[in-house]
Amino acid sequence: MFDIAVIEDPAAAEASLDPIRARLLAELAEPASATMLAGRVGLARQKVNYHLRALEQHGLIELVEERRKGNVTERVMRATAASYVISPVALSAVRPNPGQSPDRLSARWLLAVAARLVQDVGALITGADRANKRVATFAIDAQVRFASATDRAAFAEELAGTVSALVGRYHDESTSGGRPHRVVVALHPHVPEQESTGATG
């Protein structure tokens, strides 16, 4: 089981967003059979089997083992990942395009850049999994509290200048065998966990 998997297929995305199937995916963080799941989610075993077949068809769950019980073969399933992210590729006709109206002060442009990040890293992970390789990536996640909007603006300008200088120092257009990498730096107000998850308290 992967820590996280990227869903690129529209049909798989639709299956994962169904409330019942999403609940089954969560339950299948640990292996279980349709009979075991039926009691947990309050559905008939046949109904659970129907949803499990759909999830398996889209590669969201996998067979762990088969157990023979009398005349019945019980299939024990498990989710293929602990969590899932839906790539903008699944909505290819309407996915954001950060190439349109780039504005580093626009929250909507930041969202478009973030969507491209999910799309690109998702494609890299999918390709690496098929080749049984790791993806060379690096990320920094930090939190800073500004005393004022003036400090925030000064920080953003200094950050932009520092990153531009660093990129200029290491960017090599001519060396044979070099590989382009994308650098994404974002700054946005912190969202408390209960707001980001939609929880109420």
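Positions are given from 1, in the same order as the sequence printed here.
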Evaluate whether atom [atom1] of [X] has more than 12 neighbouring non-hydrogen atoms of other residues, nucleotides or ligands under 6.0 angstrom away.
X    : atom1 : result
E158 : CD    : no
E8   : CD    : yes
R182 : CZ    : no

[Y] reachable from [X] in the ILVMFWY side-chain graph, under 4.5 Å edges:
X    : Y    : value
V135 : L117 : no
I7   : F2   : no
V144 : V185 : yes

(request) Go through L52 and L37 one step at a time and tell me if the side chain to side chain contact (heavy atoms under 4.5 Å, CB included) criterion holds. (result) CA-CA 10 Å; L52 292 181; L37 290 168; 4.0 Å; yes

(request) Check step by step if side chain to side chain contact (heavy atoms under 4.5 Å, CB included) holds for M77 and V64. (result) CA-CA 5 Å; M77 310 299 293; V64 175; 5.9 Å; no

(message) List the residues meeting salt bridge (charged side-chain N to carboxylate O under 4.0 Å, His left out) with R45, not counting sequence neighbours, and say none if there are none.
(response)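 R45 satisfies salt bridge (charged side-chain N to carboxylate O under 4.0 Å, His left out) with no residue once adjacent residues are dropped.
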
(message) List the residues meeting salt bridge (charged side-chain N to carboxylate O under 4.0 Å, His left out) with D9, not counting sequence neighbours, and say none if there are none.
(response) none

(message) Quick test of your reading: applying side-chain hydrogen bond (donor to acceptor under 3.5 Å, both in side chains), list the pairs with at least one residue in residues 105-117, sequence neighbours left out, ordered by first then second residue.
(response) none

(request) For E56, enumerate each residue passing the side chain to side chain donor-acceptor pair (under 3.5 Å) test, keeping only those at least two apart in sequence or located in another chain. (result)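 Scan of E56 (side chain to side chain donor-acceptor pair (under 3.5 Å), adjacent residues dropped) gives R75.
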
Side chains of residues 80-93: which donor-acceptor pairs under 3.5 Å do they make with residues two or more places apart or in other chains?
residue : atom : partner : partner atom : Å
T80     : OG1  : G59     : O            : 3.2
T80     : OG1  : L60     : O            : 3.1
T80     : OG1  : Y84     : OH           : 3.1
S83     : OG   : D3      : O            : 3.1
Y84     : OH   : L60     : O            : 2.7
Y84     : OH   : T80     : N            : 3.2
Y84     : OH   : A81     : N            : 3.1
S87     : OG   : V89     : N            : 3.1

(message) Less than 3.5 Å apart, any donor N or O on the side chain of E74 or S33 sitting next to an acceptor on the other?
(response) yes

(request) Compute whether any side-chain donor of one residue and acceptor of the other, for D172 and T175, lie under 3.5 angstrom apart. (result) yes

(message) Return the CD1 to CZ distance between I125 and R134, rounded to the nearest 0.5 Å.
(response) 11.0 Å

Partners meeting side-chain contact (heavy atoms from CB on, under 4.5 Å) with [X] (sequence neighbours left out):
X    : result
S148 : T150, D151
E157 : R104
S164 : none

(request) For residues 114-162, pull every pair meeting ring pair (Phe, Tyr, Trp, His ring centres under 6.0 Å), keeping only residues two or more places apart or in separate chains. (result)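 Qualifying pairs, neighbours excluded: F146-F155.
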
(message) Per the ring pair (Phe, Tyr, Trp, His ring centres under 6.0 Å) rule, what does the pair list look like for residues 169-190, sequence neighbours excluded?
(response) none

Donor-acceptor list for residues 15-32 side chains, cut-off 3.5 Å, not counting sequence neighbours:
residue : atom : partner : partner atom : Å
S16     : OG   : A13     : O            : 2.8
D18     : OD1  : I20     : N            : 3.1
D18     : OD1  : R21     : N            : 3.0
R21     : NE   : H51     : ND1          : 3.0
R23     : NE   : E27     : OE2          : 3.2
R23     : NH2  : E27     : OE2          : 3.3
R23     : NH2  : R40     : O            : 3.0
E27     : OE1  : R40     : NH1          : 3.3

(request) Indicate yes or no: does E65 engage R67 in a salt bridge with an N to O separation below 4.0 Å. (result)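 Counted as a salt bridge, because a side-chain N and a carboxylate O are separated by less than 4.0 Å.
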
(message) Starting from V72 and following side-chain heavy-atom contacts under 4.5 Å between hydrophobic residues (I, L, V, M, F, W, Y), which residues can be reached?
(response) none

(request) Identify the two heavy atoms, one from V113 and one from V184, that lie closest to each other, and give their separation to 0.1 Å. (result) CG1-CG1, 3.8 Å

(request) For residues V183 and V163, report the shortest heavy-atom separation together with the two atoms involved. (result)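 It is CG1-CG1, 4.4 Å.
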
(message) Quick one, M1 and R78 - any side-chain contact, counting heavy atoms below 4.5 Å?
(response) yes

(request) Assess whether side chain to side chain contact (heavy atoms under 4.5 Å, CB included) is satisfied between L187 and R152, documenting all intermediate values. (result) CA-CA 9 Å; L187 177 67; R152 184 186 64 224; 4.2 Å; yes

